[in-house]
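Working notes, beginning with the structure itself.
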2 protein chains.
Amino acid sequence: MRLTTKGRFAVTAMLDLAMHESPDIANAKPVTLAGISERQSISLSYLEQLFSRLRRQGLVKSIRGPGGGYKLAKPHAEITVADIISAVDEQIDATQCGGQENCRDEGRCMTHDLWASLNNKILDYLSGVNLADMVVSQTSGQKISITPRTCGSAGYSSRTPVVAN
Amino acid sequence: MRLTTKGRFAVTAMLDLAMHESPDIANAKPVTLAGISERQSISLSYLEQLFSRLRRQGLVKSIRGPGGGYKLAKPHAEITVADIISAVDEQIDATQCGGQENCRDEGRCMTHDLWASLNNKILDYLSGVNLADMVVSQTSGQKISITPRTCGSAGYSSRTPVVAN
DNA sequence: ATAATAATTGACTAAAACACTAGGTTATTA
DNA sequence: TAATAACCTAGTGTTTTAGTCAATTATTAT
């Protein structure tokens, strides 16, 4: 997995979308990319590229024409930061041996296991934050602080984010 | 913070260094970059660039001349993955307002707090794995699995890594 | 029907970062 | 003094970032 500003842009835009969407999911008004672009100072065309991927990954739905825009395809609590980042950042295979384990020395690829599991752990961790968490901490003016899923209760969507500082 | 193959190379090289260093820290033989380059198939000159940064950050010590090479500057347990990655990857400021909070809308920068704390969390998380952990899981042939510090006991260096799968 | 809206697509671009290469210099040891 | 190995600087090809530009399609309102 890769963590760059590209993923940041995507998460920021999705958070903006979540915050400007009506809380009533059924008849929520779609949010235009032009609006997100203005509010978050992200280039409209760049947003279009990002949302093209987000749509193909099933995270958002699009409505064309006047009054159209984007809506989240799932409830806020079911869209995680990990989902968003892996939707826009195409991941590279961390191994230089490319799956087959024909590396040097002991015959096995030292880095493969190491990075594969490390990637998984980070991904697991970022899966612990969803849009609902972020909206709450954003509207309450509190800094967001994430508790890994493995720590507290196994609940997925209704954890209350811990306030930091 | 940024997570790319650059950091991966650095961690791989440091793990190789840790594994080929004599366990007795006092009179450990230095490891040459040429050796690491050969074992891990990383370009020698690229390693030189990486170790230049690692040295400036105080993670390794260098011995010049024949029989020279690099040694870890601290005990294995005191060098974390986060240390290594942040030594070679220069971090970017996640905010587009650049510190001052003169952004749009509500006057405050939405993305600033969000990414600052998310970065800190990831960094905190990667601080939970050190070279000693990785050497153990590597030599024992077990896949490494990291438990965040916040979960278990507050101990820093002597946690036993959990085996996954 | 027509115009306006807004998503959708594709091609293209400057700048940065990545992953190196090349070639030299310094310090240390045999 | 010759070999070793760190150290340093500059350059190079490729990929990614972050974006522009232009055109197309679907939908709504007039």
Side-chain angles (χ1 to χ4, degrees), chain A residues 1-13 17 20 29-38 40-57 59-73 85 87-96 111, chain B residues 1-13 17 20 29-38 40-57 59-73 85 87-96 111:
Chain A
M1 119 163 284
R2 186 186 291 150
L3 273 185
T4 60
T5 50
K6 192 177 190 176
R8 285 177 226 266
F9 275 118
V11 174
T12 301
L17 175 51
H20 285 85
K29 299 273 165 27
V31 179
T32 67
L33 293 190
I36 298 177
S37 169
E38 211 181 305
Q40 305 299 332
S41 334
I42 305 173
S43 144
L44 174 60
S45 299
Y46 197 41
L47 277 178
E48 282 169 349
Q49 289 174 33
L50 295 179
F51 273 77
S52 171
R53 292 180 172 228
L54 293 170
R55 185 175 56 88
R56 277 195 282 264
Q57 292 297 318
L59 298 183
V60 295
K61 281 179 183 168
S62 63
I63 298 103
R64 301 174 79 159
Y70 283 94
K71 295 164 70 173
L72 295 174
I85 289 179
V88 297
D89 278 329
E90 47 223 289
Q91 66 245 24
I92 35 179
D93 52 344
T95 64
Q96 79 251 22
T111 57
Chain B
M1 113 164 289
R2 185 186 291 151
L3 274 185
T4 60
T5 49
K6 192 177 189 177
R8 285 176 227 267
F9 274 119
V11 174
T12 301
L17 175 50
H20 286 83
K29 298 273 165 34
V31 180
T32 67
L33 293 190
I36 299 178
S37 167
E38 211 180 307
Q40 305 300 333
S41 330
I42 305 175
S43 143
L44 175 59
S45 299
Y46 198 41
L47 277 178
E48 283 170 350
Q49 290 172 32
L50 295 179
F51 273 77
S52 172
R53 292 176 174 232
L54 293 170
R55 185 176 55 88
R56 278 194 283 264
Q57 291 298 318
L59 297 183
V60 296
K61 280 179 183 170
S62 64
I63 297 102
R64 303 176 79 160
Y70 283 94
K71 295 165 69 173
L72 295 175
I85 289 179
V88 297
D89 277 328
E90 48 224 288
Q91 65 247 25
I92 36 180
D93 53 345
T95 64
Q96 77 252 25
T111 56

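Everything numeric in this text was worked out from a predicted model, so none of it was measured. Proteins come first, then strands; the chains are lettered A, B, ... in the order of their sequence lines, and each starts at number 1.
Distances shown here put every side-chain N or O of A/Arg55 at or beyond 4.0 Å from the OP1 or OP2 atom of C/dA7.
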Practice problem: Using the side chain to side chain contact (heavy atoms under 4.5 Å, CB included) rule, take A/Ile42 and A/Phe9 through it: C-alpha gap first, then chi angles, then the decisive distance, then the call. | Solution: CA-CA 8 Å; A/Ile42 305 173; A/Phe9 275 118; 3.4 Å; yes

Carefully, step by step, assess B/Tyr70 and B/Val60 under the rule side chain to side chain contact (heavy atoms under 4.5 Å, CB included). CA-CA 6 Å; B/Tyr70 283 94; B/Val60 296; 3.8 Å; yes

Exercise for review: Carefully, step by step, assess A/Leu59 and A/Leu72 under the rule side chain to side chain contact (heavy atoms under 4.5 Å, CB included).
Suggested key: CA-CA 6 Å; A/Leu59 298 183; A/Leu72 295 174; over 6 Å; no

### Message
What verdict does the side chain to side chain contact (heavy atoms under 4.5 Å, CB included) test give for B/Glu48 and B/Leu33, after you've listed the backbone C-alpha separation in whole Å, the side-chain angles of each residue and the deciding distance to 0.1 Å?
### Response
CA-CA 7 Å; B/Glu48 283 170 350; B/Leu33 293 190; 3.7 Å; yes

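Annotation: proximity of residues 62-70 of chain A to DNA chain C (heavy atom, distance under 4.0 Å) is found for A/Ser62, A/Ile63, A/Arg64, A/Gly65, A/Pro66, A/Gly67, A/Gly68, A/Gly69, A/Tyr70, numbered in ascending order.
Computed from coordinates, the A/Leu50 CG to C/dT8 P distance equals 13 Å when rounded to whole Å. Residue A/Ile36 contributes atom CD1, which lies 13 Å from atom C1' of C/dA7 at whole-angstrom precision. The CD-P distance, from B/Glu48 to C/dG23, rounds to 14 Å in whole Å. In this structure, NZ of B/Lys6 is placed 14 Å from C1' of D/dT15, rounded to the nearest angstrom. Atom CZ in B/Arg53 sits roughly 13 Å away from atom P in D/dC8 (whole-Å rounding). In this structure, B/Phe51 places its CZ atom 9 Å from P of D/dA6, rounding to the nearest Å. Across the protein-nucleic acid pair, B/Leu44 atom CG and D/dC8 atom P stand 15 Å apart, rounded to whole Å. Between the CG atom of B/Leu47 and the P atom of C/dT21 there is a distance of 11 Å, given to the nearest Å.
Below the 3.5 angstrom threshold, one finds a donor paired with an acceptor across the side chain of B/Gln49 and the base of C/dT21.
For B/Phe9, whose side chain is taken as the heavy atoms from C-beta onward, the closest listed nucleotide among D/dT17, C/dC20, D/dG19 is C/dC20. Relative to the side chain of A/Thr4, the nucleotides C/dT9, D/dA5, D/dT17 differ in distance, and D/dT17 lies closest. Distance from the side chain of B/Tyr46 is smallest to C/dC20 among D/dA6, C/dC20, D/dT17. In the set C/dT9, D/dC8, D/dT17, the nucleotide with an atom closest to the side chain of A/Asp89 is D/dT17.
Residue whose closest nucleotide on DNA chain C sits further toward the 5' end, between B/Gly7 and A/Leu33: A/Leu33.
Remark: B/Lys29 NZ to B/Lys71 NZ distance equals 9.5 Å, nearest 0.5 Å. Residue B/Thr32 holds its OG1 atom at 8.5 Å from CG of B/Leu44, rounded to the nearest 0.5 Å.
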Using distance only, find each side-chain donor-acceptor pair of residues 50-57 of chain A under 3.5 Å and give its atom names and separation, not counting sequence neighbours.
| unit_1 | atom_1 | unit_2 | atom_2 | d |
| --- | --- | --- | --- | --- |
| A/Ser52 | OG | A/Arg56 | NH1 | 3.2 |
| A/Ser52 | OG | A/Arg56 | NH2 | 2.9 |
| A/Arg53 | NH1 | A/Val88 | O | 3.1 |
| A/Arg53 | NH1 | A/Glu90 | OE2 | 3.1 |
| A/Arg53 | NH2 | A/Glu90 | OE2 | 3.0 |

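Nucleic acid contact for A/Thr32: sugar-phosphate only, since backbone atoms but no base atoms lie under 4.0 Å from a heavy atom of the residue.
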